[in-house]
Student: 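Dropping a structure here in structure tokens format, bear with me for questions.
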Amino acid sequence: QVQLVESGGGLVQAGGSLRLSCAVSGLTFSNLRMAWFRQAPGKEREFVASYRSYADSVKVRFTISKDNAKNTVYLQMNSLKPEDTGVYYCAAGRLFSPQEYDYWGQGTQVTVSS
């Protein structure tokens with residue numbers, strides 16, 4: 001059974017930091033394309049970061065990393081802004097899948113207060 005479980009969200013003041021985690025099970029982690037997306041209230045889900053790129057709005061402030069031994073991908077978020085508020089999702093894509101991302105986590109809420 002494939003599972004992506006995010007954690008690490010919460011309430012933080014503007015300028016603060018959070019580190020999100022996404023633990024993956026049921027898949028060969030080292031072969032996966034991993035990414036983070038987010039969805040703000042009333043808005044569509046948007047790309048945040050992958051191993052190859054970052055959204056312009058988070059460049060320099062956010063860093064994606066992974067630990068193959070723990071089957072976990074991280075999103076370190078620094079200098080948080082109120083506009084970073086939203087539900088953050090991790091996504092996994094299999095190596096030869098026709099889809100970019102095949103599996104999604106349930107999301108973790110990030111709220112940045114001004």
Side-chain angles (χ1 to χ4, degrees):
Q1 181 181 1
V2 176
Q3 282 192 312
L4 279 65
V5 180
E6 299 100 334
S7 61
L11 173 63
V12 63
Q13 288 188 334
S17 298
L18 283 174
R19 188 177 79 154
L20 306 183
S21 301
C22 174
V24 180
S25 59
L27 296 167
T28 303
F29 182 75
S30 58
N31 290 342
L32 296 173
R33 296 186 299 275
M34 299 297 299
W36 288 93
F37 290 76
R38 68 186 180 189
Q39 186 166 19
K43 294 187 178 181
E44 294 187 353
R45 187 169 58 193
E46 64 175 359
F47 169 80
V48 174
S50 70
Y51 295 150
R52 295 187 175 185
S53 65
Y54 293 87
D56 288 343
S57 59
V58 307
K59 278 181 182 176
V60 178
R61 300 188 298 122
F62 289 12
T63 303
I64 189 172
S65 62
K66 64 176 179 174
D67 185 335
N68 285 340
K70 295 183 178 180
N71 287 0
T72 299
V73 63
Y74 303 97
L75 185 69
Q76 178 66 44
M77 307 186 295
N78 299 327
S79 303
L80 283 162
K81 304 175 182 180
E83 51 264 44
D84 294 319
T85 294
V87 179
Y88 282 69
Y89 300 90
C90 67
R94 292 171 296 161
L95 195 58
F96 298 112
S97 173
Q99 299 184 95
E100 188 168 21
Y101 299 105
D102 304 287
Y103 305 99
W104 296 81
Q106 82 290 348
T108 186
Q109 176 71 45
V110 171
T111 303
V112 184
S113 63
S114 57

Student: Using a 3.5 Å distance criterion without hydrogens, assess whether the side chain of Arg19 forms a donor-acceptor pair with backbone atoms of Tyr74.
Tutor: no
Student: Taking Thr85's backbone N and O only, do any of them form a donor-acceptor pair with Thr111's side chain (distance below 3.5 Å, no angle check)?
Tutor: no
Student: Determine the minimum heavy-atom distance between Phe29 and Asp67, stating which atoms define it.
Tutor: CE2-O, 3.9 Å
Student: What are the two closest non-hydrogen atoms of Leu32 and Ala92, and how far apart are they?
Tutor: CD1-CB, 4.1 Å
Student: Assigning hydrophobic clusters by single linkage (Ile, Leu, Val, Met, Phe, Trp, Tyr; side-chain heavy-atom cutoff under 4.5 Å), is Leu18 placed with Trp36?
Tutor: yes
Student: Is there side-chain contact between Lys66 and Val24, with heavy atoms separated by less than 4.5 Å?
Tutor: no
Student: Does any non-hydrogen side-chain atom of Val73 lie less than 4.5 Å from one of Tyr51?
Tutor: yes
Student: Considering residues at least two apart in sequence or located in another chain, which fulfil the ring-ring contact (aromatic ring centres under 6.0 Å, His included) criterion with Phe37?
Tutor: Phe47, Tyr101, Trp104
Student: Suppose the criterion is disulfide bond (SG atoms under 2.5 Å apart): which pairs have a residue in residues 14-114, not counting sequence neighbours?
Tutor: Cys22-Cys90
Student: Looking at Asp84 and Ser79, what are the two nearest heavy atoms and their distance?
Tutor: OD2-O, 4.4 Å
Student: According to a hydrophobic-cluster definition based on side-chain heavy atoms being under 4.5 Å apart (Ile, Leu, Val, Met, Phe, Trp, Tyr only), do Leu20 and Tyr89 belong together?
Tutor: no
Student: Could you give the distance from OG (Ser114) to CD (Gln13), rounded to the nearest 0.5 Å?
Tutor: 9.5 Å
Student: Under 4.5 Å between side-chain heavy atoms, hopping through other hydrophobics if needed: is there a path connecting Tyr88 to Tyr103?
Tutor: yes
Student: Could you list the cluster mates of Val60? Members are the ILVMFWY residues connected by side-chain heavy atoms closer than 4.5 Å, either directly or through other members.
Tutor: none
Student: Could you tell me which non-hydrogen atom of Met77 sits nearest to which non-hydrogen atom of Leu80, and how far apart they are?
Tutor: CB-CD2, 3.8 Å
Student: Going by an N to O cut-off under 4.0 Å, is there a salt bridge joining Lys59 and Asp56?
Tutor: yes
Student: Taking all atoms of both residues into account, what is the closest heavy-atom pair of Arg38 and Ser57, and its distance?
Tutor: NH2-OG, 3.4 Å
Student: Counting N and O atoms only, with roles assigned by atom type, does the side chain of Asn31 sit under 3.5 Å from a partner on the main chain of Leu95, one being a donor and the other an acceptor?
Tutor: no
Student: Write down the atom of Ser17, the atom of Gln76, and the distance for their closest heavy-atom approach.
Tutor: CB-NE2, 4.0 Å
Student: If only atom types and distance count, is the side chain of Gln39 paired as donor or acceptor with the main-chain N or O of Gly86 below 3.5 Å?
Tutor: no
Student: Would you compute the distance between atom CE of Met34 and atom CG of Leu75 and round it to the nearest 0.5 angstrom?
Tutor: 11.0 Å
Student: Any chain of hydrophobic side-chain contacts (each under 4.5 Å) joining Val87 to Val112?
Tutor: no
Student: Quick one: CG on Asn71 to CG on Leu27, what's the gap to the nearest 0.5 Å?
Tutor: 9.0 Å
